[in-house]
Colleague: 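Take this structure first; my questions come after.
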2 protein chains.
Amino acid sequence: MGVTKTEIFTTDQNRLADLAKAFAHPARVAILQILTTRKTCVCGDLVEELSLAQATVSQHLKELKRIGIIQGEIDPPRVCYCINPEVWAEAQTAFGDLWKAFSPATCCP
Amino acid sequence: MGVTKTEIFTTDQNRLADLAKAFAHPARVAILQILTTRKTCVCGDLVEELSLAQATVSQHLKELKRIGIIQGEIDPPRVCYCINPEVWAEAQTAFGDLWKAFSPATCCP
DNA sequence: TCGATTCATCGCAATATTGCAATGTATTTT
DNA sequence: AAAATACATTGCAATATTGCGATGAATCGA
């Protein structure tokens with residue numbers, strides 16, 4: 001029904017799914033890539049770099065903020081976005097645990 | 001409009017977004033976790049482990065197959081699923097590149 | 001105070017996703 | 001051949017996502 005049955009999964013599974021959502025759209029991938037490579041924190045020039053309307057970019061930023069992987073500092077009239085190091089590390093660890101769990105030898109022949 | 005403008009992003013960005021989709025739903029996370037930890041390849045007992053209808057599990061498996069991260073071997077009347085090591089490694093590398101690109105020092109104060 | 005600037009939010013339309021019952025397709029067993 | 005088993009697919013309903021124009025909120029400069 002378009003509604004995920006979150007209650008039948010563990011907290012960790014739901015959290016990892018949420019973290020993955022941060023990367024599950026090319027616009028958000030692009031935003032995160034820009035934020036990782038900029039020395040200074042970019043703000044709304046994200047709108048210029050991406051060929052998307054300002055409202056659309058703002059919505060992706062909102063979703064990334066909900067997940068917690070980015071944070072915005074208000075520097076009127078601008079808002080400076082940057083990656084949240086704690087959550088970034090959390091994602092790194094969560095995915096790292098998955099990578100570790102698999103070794104090709106256990107796969108079917 | 002619910003339709004992603006894939007054409008304005010790079011192939012790599014679209015691919016990473018697709019790989020992330022494999023992990024962007026707790027049911028798929030659970031499936032992948034089961035596949036990584038099982039010594040032998042599990043088949044449809046995924047349906048029993050997850051509290052989801054068989055049709056729903058089948059659809060998640062279909063999506064994972066579309067992305068390429070799992071593969072199914074037909075062993076009538078069963079189908080044996082396992083992780084595709086190449087795509088698993090691809091995902092590992094793609095995310096690894098992202099992790100590398102960020103160092104906390106570049107973030108806003 | 002009046003614009004101008006920057007961003008968030010609202011409201012809408014189009015499409016995608018999630019979930020399941022029912023049904024279809026192979027294959028094996030009896 | 002008939003029944004059983006294991007999955008896939010179809011069709012539907014409910015909800016989520018994507019995208020954008022328009023509008024709102026906050027702040028700064030003239």
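Letters A, B, ... are given to chains in the order of the sequence lines, protein chains preceding strands, and every chain is numbered from 1.
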Colleague: Below 4.0 angstrom, which residues in residues 12-26 of chain B have at least one non-hydrogen atom near DNA chain D?
Modeller: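 Per residue number, the list is empty: none.
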
Colleague: Using heavy-atom distances to pick each residue's nearest nucleotide on DNA chain C, tell me which of B:V3 and A:F9 is more 5'.
Modeller: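 That would be B:V3.
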
Colleague: Rounded to whole Å, please give me the gap between CG in A:D75 and C1' in D:dA26.
Modeller: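 From A:D75 CG to D:dA26 C1': 13 Å.
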
Colleague: Give B:I74 one of three labels, base, sugar-phosphate or nothing, depending on what nucleic acid heavy atoms sit under 4.0 Å from its own.
Modeller: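 Touches nothing.
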
Colleague: Can you name the side-chain contact (heavy atoms from CB on, under 4.5 Å) partners of B:S51, sequence neighbours left out?
Modeller: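 With sequence neighbours excluded, B:S51 shows a side-chain contact (heavy atoms from CB on, under 4.5 Å) to A:I8, given in chain and number order.
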
Colleague: According to side chain to side chain donor-acceptor pair (under 3.5 Å), who are the partners of B:T56, at least two apart in sequence or on a separate chain?
Modeller: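 Side chain to side chain donor-acceptor pair (under 3.5 Å) list for B:T56, sorted by chain: empty.
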
Colleague: Could you state the NZ-C1' distance from A:K5 to D:dA16, rounded to the nearest angstrom?
Modeller: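 To the nearest whole Å, that distance equals 17 Å.
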
Colleague: Produce a footprint string for nucleotides 7-13 of chain C: one letter per nucleotide, 5' end first; B if the base is under 4.0 Å from any protein heavy atom, S if only the sugar-phosphate is, - if neither.
Modeller: BBB---B

Colleague: Could you pull out all residues at least two apart from B:K62 that satisfy side-chain contact (heavy atoms from CB on, under 4.5 Å)?
Modeller: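 Listed in chain order: nothing, the list is empty.
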
Colleague: Pairs under 3.5 angstrom only: tabulate donor-acceptor contacts from the side chains of residues 94-102 of chain A to other protein residues two or more places apart or in another chain.
Modeller:
none

Colleague: Whole angstrom is fine here: how far is it from CD1 in A:I31 over to P in D:dG19?
Modeller: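 After rounding, the gap between these two atoms is 10 Å.
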
Colleague: Under the salt bridge (Lys or Arg N to Asp or Glu O under 4.0 Å) definition, can you give me all pairs with a residue in residues 10-29 of chain B, not counting sequence neighbours?
Modeller: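 Listed once each, the pairs are B:R15-B:E90, B:D18-B:R66.
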
Colleague: Would the number of heavy atoms belonging to other residues, nucleotides or ligands and lying under 6.0 Å from CD of B:E7 be above 12?
Modeller: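 Count over threshold, so yes.
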
Colleague: Using OP1 and OP2 only, check whether a side-chain N or O of B:H60 sits under 4.0 Å from C:dG19.
Modeller: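 Checking C:dG19 against B:H60, a side-chain N or O does come within under 4.0 Å of OP1 or OP2.
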
Colleague: Test of understanding: with side-chain contact (heavy atoms from CB on, under 4.5 Å), list the residues that count as partners of A:S58, not counting sequence neighbours.
Modeller: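 Only A:Q54 meet the side-chain contact (heavy atoms from CB on, under 4.5 Å) criterion with A:S58.
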
Colleague: Please enumerate all residues that pass side-chain contact (heavy atoms from CB on, under 4.5 Å) together with B:I34, with sequence neighbours excluded.
Modeller: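 Here the qualifying residues are B:R38, B:V42, B:L46, B:E49, B:L50.
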
